[in-house]
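Counting starts at 1 for both ligands and their atoms, following the listed order.
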Amino acid sequence: MKLFHDLADIFYPITCPGCGKVVDRDQVWCEECFKKVWNPRLLNSSHTDHLHGCYTLCNYEGAVRQIIIQLKYGGRIDRKRAFPPLLARFPYWDRLSFCRYVIPVPLSKKKWHSRGYNQVDLMFEEWMKKAGKEYLPRGLVRFRAAETQSLLSRTERYENIKGIFHINRNVDVKGKHILLVDDVYTTGATMESAAHELKRAGAASVTGLTIASGAM
Ligand SMILES: [Zn+2]
């Protein structure tokens with residue numbers, strides 16, 4: 001197996017998603033590009049009515065922004081490799097150990113069909129399972145895509161997105177501490193709306209985690 005990997009490295013070297021430099025198979029990011037985007041933190045004012053705060057790993061800029069966009073809109077499924085090394089270096093896992101269940105923010109059915117996958121699953125699912133968490137990819141269902149959010153205020157965004165998430169009838173979240181995961185945290189309106197539905201369905205708490213955010 002080792003030999004096979006050594007050979008694979010020669011023929012298909014792993015390159016840093018930021019600069020294209022050849023890097024170690026387990027490392028994926030070169031230290032320089034990694035340091036440019038890495039900014040793990042609990043987001044200020046992410047503690048809302050239903051969301052018990054939201055953590056993020058990176059600033060939403062540079063290489064991380066680029067690979068999220070490529071995975072989301074460019075069909076570059078191979079980009080999923082960039083995320084486990086980031087998750088592995090997240091320094092606050094001890095604060096999230098009480099969350100055994102992980103639920104992704106879902107896509108609408110229409111989007112899911114045209115894209116063929118939820119990019120959030122590709123970013124988190126495998127890693128979370130290895131970490132011993134229970135990943136529930138269809139825990140929430142999304143009834144429709146949000147209208148374009150970019151021109152709306154925070155309150156308007158929340159109104160716009162309110163009630164679009166529904167709990168999957170076959171999933172029981174009662175009394176459970178849920179880790180809600182998404183690719184990007186912008187204003188928190190999506191997370192708050194999804195958390196609202198999980199709390200309504202009886203979840204004990206909902207804490208957020210995203211790959212990147214432009215928020216403080
Ligand atoms: Zn690099």
Note, Ser213 side chain near Tyr60 side chain (heavy atom, < 4.5 Å): no
With sequence neighbours excluded, residues passing ring pair (Phe, Tyr, Trp, His ring centres under 6.0 Å) with Tyr117: none
Salt-bridge test for Asp121 and Lys80: reply yes if a basic N is under 4.0 Å from a carboxylate O, no otherwise. no
Verify the distance criterion only: is there a donor paired with an acceptor across the side chains of Ser205 and His177 at less than 3.5 Å? yes
Report the hydrophobic cluster partners of Trp112, with the cluster defined as I, L, V, M, F, W, Y residues connected by side-chain heavy atoms closer than 4.5 angstrom, directly or transitively. Leu107
Spell out the protein N/O/S atoms under 2.8 Å from the Zn ion (ligand 1) as residue plus atom name. Cys16 SG, Cys19 SG, Cys30 SG, Cys33 SG
Atom pairs and distances, donor-acceptor, side-chain atoms in residues 61-75, under 3.5 Å, two or more places apart:
unit_1	atom_1	unit_2	atom_2	d
Gln70	OE1	Arg79	NE	2.7
Gln70	OE1	Arg79	NH2	3.3
Lys72	NZ	Asp183	OD2	3.2

